[in-house]
Amino acid sequence: FTIRQSNTSITSAMWDSGHILLKYMEQSNNKIFQEICAMDATVTPQSYFRHQTILELGAGVGHVGLAIVLGLHPKEYIFTDYKVDEIRRNVQSMQDGKQGLDLRKSKVGILRVDWHDDPSLCYKSCSVPDIVLCIDCVWIEELYRPLLKHILYLSTLNTNLIFVLGHQKREQ
């Protein structure tokens with residue numbers, strides 16, 4: 001499928017860590033899938049994700065989430081970022097059927113979230129997540145504390161919350 005990116009800001013570009021996570025998820029023997037299947041031998045990764053709500057912190061242009069929605073069909077996928085225009089355009093392009101792809105197997109939400117805002121206010125209009133993805137969000141040191149505050153808040157909503165963190169090391 002085609003994803004629009006403008007490269008005008010950090011939120012409107014695809015980052016390498018997202019590509020790497022998707023390549024990792026394509027492998028049926030990855031650790032995430034192994035742990036899911038170890039919990040219940042009758043569950044496949046595909047059937048597991050169909051019952052999960054996934055929230056992505058800092059979704060950028062939404063390419064990771066769109067691939068997961070198209071490939072794993074989670075119950076719900078919530079894209080978040082402090083700028084959501086590119087996400088909206090990419091999701092709308094898929095929902096319009098212009099690319100011959102169908103997102104209707106999952107509920108899809110887009111939520112504007114600024115990590116400097118109170119997390120208890122940011123997520124009150126969305127479902128409680130089962131999985132939180134945070135891909136390439138930890139490279140600006142001044143955002144570490146605000147991001148951690150959001151992660152800690154989200155972990156209070158679901159004691160079994162799974163976090164998937166991925167980033168490219170850019171500095172010492």
Side-chain angles (χ1 to χ4, degrees), residues 1-5 10-40 43-113 115 122-123 125-138 147 150-151 154-155 157-158 160-168:
F1 55 86
T2 302
I3 295 290
R4 287 179 51 153
Q5 65 173 346
I10 60 172
T11 63
S12 59
M14 290 186 275
W15 296 96
D16 291 341
S17 295
H19 302 311
I20 293 167
L21 174 70
L22 293 174
K23 284 291 186 191
Y24 179 74
M25 297 287 283
E26 285 178 347
Q27 300 171 15
S28 60
N29 64 343
N30 71 59
K31 187 174 180 179
I32 296 169
F33 290 163
Q34 287 175 352
E35 288 183 14
I36 289 167
C37 294
M39 292 184 286
D40 182 348
V43 174
T44 65
Q46 292 74 20
S47 65
Y48 173 80
F49 280 97
R50 286 192 183 108
H51 302 286
Q52 305 304 307
T53 296
I54 302 172
L55 185 140
E56 184 178 355
L57 293 170
V61 296
H63 70 293
V64 171
L66 287 168
I68 289 172
V69 167
L70 291 168
L72 295 172
H73 315 294
K75 177 176 70 175
E76 184 174 1
Y77 199 97
I78 305 161
F79 297 88
T80 74
D81 214 317
Y82 80 101
K83 290 185 180 181
V84 294
D85 293 342
E86 294 291 335
I87 298 169
R88 286 191 200 287
R89 279 193 276 277
N90 288 319
V91 168
Q92 190 62 48
S93 172
M94 303 245 182
Q95 288 176 331
D96 289 346
K98 293 176 184 172
Q99 299 191 45
L101 301 167
D102 186 1
L103 298 181
R104 292 178 292 182
K105 292 181 181 178
S106 300
K107 180 180 177 185
V108 174
I110 301 170
L111 188 61
R112 187 194 170 284
V113 172
W115 297 338
C122 292
Y123 306 102
S125 67
C126 72
S127 302
V128 172
D130 302 296
I131 300 169
V132 172
L133 297 181
C134 186
I135 309 303
D136 240 341
C137 293
V138 292
L147 173 60
H150 281 252
I151 289 172
L154 289 166
S155 69
L157 301 178
N158 178 349
N160 294 315
L161 189 61
I162 296 170
F163 281 95
V164 177
L165 304 173
H167 73 283
Q168 177 180 355

Do the non-hydrogen side-chain atoms of [X] and [Y] ever get within less than 4.5 Å of each other?
| X | Y | answer |
| --- | --- | --- |
| Leu66 | Tyr77 | no |
| Gln52 | Ile162 | no |
| Asp130 | Tyr48 | no |
| Leu165 | Val132 | no |
| Arg50 | Lys105 | no |
| Glu56 | Ile68 | no |
| Tyr123 | Ile78 | no |
| Lys31 | Tyr24 | yes |

**Q.** Ser106 side-chain N/O to Pro74 backbone N/O, donor-acceptor pair under 3.5 Å
**A.**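 Present.
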
Q) Are Met94 and Leu70 close enough, and set up right, to give a side-chain contact (heavy atoms from CB on, under 4.5 Å), and what steps lead you there? A) CA-CA 10 Å; Met94 303 245 182; Leu70 291 168; 3.9 Å; yes

Just verifying a value: how many Å separate [X] [atom1] and [Y] [atom2], rounded to the nearest 0.5 Å?
| X | Y | atom1 | atom2 | value |
| --- | --- | --- | --- | --- |
| Leu133 | Thr80 | CG | OG1 | 10.0 Å |
| Glu86 | Asp81 | CD | CG | 10.5 Å |
| Glu26 | Asn30 | CD | CG | 10.5 Å |
| Cys134 | Ile151 | SG | CD1 | 5.0 Å |

Restricting to non-hydrogen atoms, name the atom on [X] and the atom on [Y] that form the minimum distance, rounded to 0.1 Å.
| X | Y | value |
| --- | --- | --- |
| Phe163 | Ser155 | CE1-CB, 4.1 Å |
| His150 | Val113 | CE1-CG1, 3.8 Å |
| Leu147 | Cys137 | CD2-O, 4.0 Å |
| Val164 | Leu21 | CG1-CD1, 4.0 Å |
| Thr53 | Ser127 | CG2-CB, 4.1 Å |
| Gly18 | Ile135 | N-CG2, 3.5 Å |

(Q) Checking side-chain contact (heavy atoms from CB on, under 4.5 Å) between Asn90 and each of Ile110, Asp85, Val61, which is the one that passes? (A)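 Single side-chain contact (heavy atoms from CB on, under 4.5 Å) partner of Asn90 among Ile110, Asp85, Val61: Val61.
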
Q: Identify which one of Asn158, Ile54, Leu161, Leu57 satisfies the side-chain contact (heavy atoms from CB on, under 4.5 Å) criterion when paired with Pro129.
A: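 The side-chain contact (heavy atoms from CB on, under 4.5 Å) with Pro129 is passed solely by Leu161 among Asn158, Ile54, Leu161, Leu57.
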
Q.
Please enumerate all residues that pass salt bridge (Lys or Arg N to Asp or Glu O under 4.0 Å) together with Arg112, with sequence neighbours excluded.
A.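 Per chain and number, Arg112 pairs via salt bridge (Lys or Arg N to Asp or Glu O under 4.0 Å) with no residue.
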
